[in-house]
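Inspection log for the structure reproduced underneath, given as structure tokens.
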There are 2 protein chains.
Amino acid sequence: MARIREFDVDQAVDRAMDLFWRRGYAETSLQDLLKELSIGSGSFYAAFGSKEQLYLRALDRYSALQADDLVKILEQATEIRPAVRQILVTMIEADLADPTRGCLVVNTATECGNQPPATERVAAAMRHVESSLAGALERAKSRGELSADKNPVELARFLTTFVQGLRVVGQARLGRTFTEDALTVAMRALD
Amino acid sequence: MARIREFDVDQAVDRAMDLFWRRGYAETSLQDLLKELSIGSGSFYAAFGSKEQLYLRALDRYSALQADDLVKILEQATEIRPAVRQILVTMIEADLADPTRGCLVVNTATECGNQPPATERVAAAMRHVESSLAGALERAKSRGELSADKNPVELARFLTTFVQGLRVVGQARLGRTFTEDALTVAMRALD
DNA sequence: AAAATTGTGTATCAATCAATCCACAAAGGA
DNA sequence: TCCTTTGTGGATTGATTGATACACAATTTT
């Protein structure tokens, strides 16, 4: 050990995550990052290696936060339907509040569609959403909340796909009614 | 009139569309475009004005082609269910064949989420998908293919949202089974 | 307190970016 | 056949890109 770092690395990752989330990878320049993090380029490269590495780290951070939120809602709820509805409504409200952000995972999927390290993380994040939902749906089924003919894995894959669509439509600013109508129909898949 | 143009402008727009589709706006440099179109920068700016203007023109072209495909399927089909299924399956197969492309409208929505001229076109494209589907569903309902309690506009908004999700999930390379399971559940919305 | 080690920020790098300039070529009109 | 007009593409523009070099500051070790 020698001189100690003057900034908090985790907090810097959070701030970078926010910037990448709003502007995307390519549209966020190194100078934008340095300004946002209030550090010099020497500190930047010593701490993060490169812009790409920081992006992947920010993406991991985002995925972890997203996964936490999802699991928390699914575990705290006593009924599956209000839980799923809450998950979808939360996203709709987030997109209405700030349509420029969308979802960092979705943004990465479309912007970095042919860069293996990024797409692997995207796939892993979606697989995690799928399995969390599938587990909750399976438990709901054993509690008798879902009829016997329902397939939890199928439902989970449907919901995971629908969620990605909600985020895209949310960025297109089609209005509250549009997404709420879509939500109404989607929820019927559980009936 | 004086010297005549040595390249076909519409064909150039198509080639540019293909390039933007594969690589996105920011990741497609002017040199990439000049090489793809086999023209010099003078011809480029004389014909298209700027990289951004060409992108918007390519996006318009893409939307028009997409709209044609959609309308063609919906008008030619005698039943609404196979028609909707065909629309979704076509997208799934396209994403499986080339996961790096996705949908140019979706890619634009996420990459250019805060640039008005782009987002307006994205919203218009999605509204067009919505109204085409709503019209077809309304006609199907009047033919007795959909039960009386179904709301065509709600269903159209649901399908439009789900379609965007399919394109995102397709880029994440989660495999054929994943999207087909999602499709199975989504189709039940029409029952 | 001297040496060793690590963080910091400025200056700077070559490369690339989108866009402009301009000399020249090709066409129609006189 | 000149003259005008427009298309062409290579050369070049200033700005910006991500990344590195380096002198100096701060901290631990000896």
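A note on names: the letters A, B, ... follow the listed sequences, proteins ahead of strands, and every chain is numbered from 1.
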Upstream residue (5' side of DNA chain C) when B/A26 and B/E6 are each assigned their closest nucleotide =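 Nearest nucleotide further toward 5': that of B/A26.
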ask   = Where do B/A16 and B/L54 come nearest, in terms of heavy atoms and distance?
value =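 In terms of heavy atoms, the two residues are closest at CB-CD2, 3.8 Å.
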Base, sugar-phosphate alone, or nothing: which one does [X] contact when heavy atoms must sit under 4.0 Å apart?
X     : result
A/T28 : sugar-phosphate
A/F7  : sugar-phosphate
B/I39 : sugar-phosphate
B/S43 : base

ask   = Phosphate oxygens OP1/OP2 of D/dG7: is one of them under 4.0 Å from a side-chain N or O of B/R5?
value =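 Affirmative; the distance criterion is met.
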Atom-pair distance ([atom1] on [X]; [atom2] on [N]), nearest Å:
X     : N      : atom1 : atom2 : value
B/R3  : C/dA23 : CZ    : P     : 16 Å
B/E27 : D/dT17 : CD    : P     : 14 Å
B/Q31 : D/dG10 : CD    : C1'   : 12 Å
B/F48 : C/dT20 : CZ    : C1'   : 18 Å
B/I4  : C/dG28 : CD1   : C1'   : 11 Å
B/L37 : D/dT8  : CG    : P     : 12 Å
B/K51 : C/dA19 : NZ    : P     : 8 Å
B/D32 : C/dA18 : CG    : C1'   : 12 Å

Between the side chains of [Y] and [X], is the shortest nitrogen-to-carboxylate-oxygen separation below 4.0 Å, so that they form an ion pair?
X      : Y      : value
B/R61  : B/D10  : no
B/E120 : B/R127 : no
B/K72  : B/D69  : no

query = Near DNA chain D, under 4.0 Å by heavy atom, which residues of residues 110-117 of chain B?
reply =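 Listed by number, there are none.
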query = Counting only non-hydrogen atoms, which of residues 9-22 of chain B are less than 4.0 Å from DNA chain D?
reply =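 Those residues whose heavy atoms fall under 4.0 Å from DNA chain D, taken from residues 9-22 of chain B, amount to none.
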message = So if I apply the side-chain contact (heavy atoms from CB on, under 4.5 Å) rule between B/R167 and each of B/N107, B/I92, B/D95, which one comes out positive?
response =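 Among B/N107, B/I92, B/D95, the one that satisfies the side-chain contact (heavy atoms from CB on, under 4.5 Å) with B/R167 is B/D95.
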Hey, what are the protein-to-nucleotides 20-23 of chain D N/O distances that come in under 3.5 Å?
residue: D/dT20; atom: O4; partner: A/S41; partner atom: OG; Å: 2.8

key: Side-chain touch A/F178/B/R157, heavy atoms, less than 4.5 angstrom   =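 When only atoms from C-beta onward are counted, B/R157 and A/F178 do touch, with a gap below 4.5 Å.
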request  = Would you give the length of the straight line joining atom CG of B/L33 to atom OG of B/S38, rounded to the nearest 0.5 angstrom?
outcome  =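 Output value for this atom pair is 11.5 Å.
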task = Spell out, yes or no, whether B/M91 and A/V163 are grouped together once hydrophobic residues are joined by side-chain heavy atoms under 4.5 Å, including indirect joins.
result =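 B/M91 clusters together with A/V163.
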request  = State, without any angle test, whether B/T28 and B/Y55 hold a side-chain donor-acceptor pair at a distance under 3.5 Å.
outcome  =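 B/T28 vs B/Y55: no donor-acceptor pair found between side chains.
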query = Distance only, no hydrogens: is a donor on one side chain within 3.5 Å (strictly under) of an acceptor on the other, for A/D60 and A/S63?
reply =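 Note: A/D60 and A/S63 side chains miss the donor-acceptor criterion.
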ask   = Does B/K51 make a cation-pi contact with B/Y25, if we ask for NZ or CZ under 6.0 Å from the ring centre and within 45° of the axis?
value =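 Yes, a cation-pi geometry.
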ask   = Do the ring centers of B/F20 and B/Y62 come within less than 6.0 Å of each other?
value =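 No, they do not, as the ring centres are separated by 6.0 Å or more.
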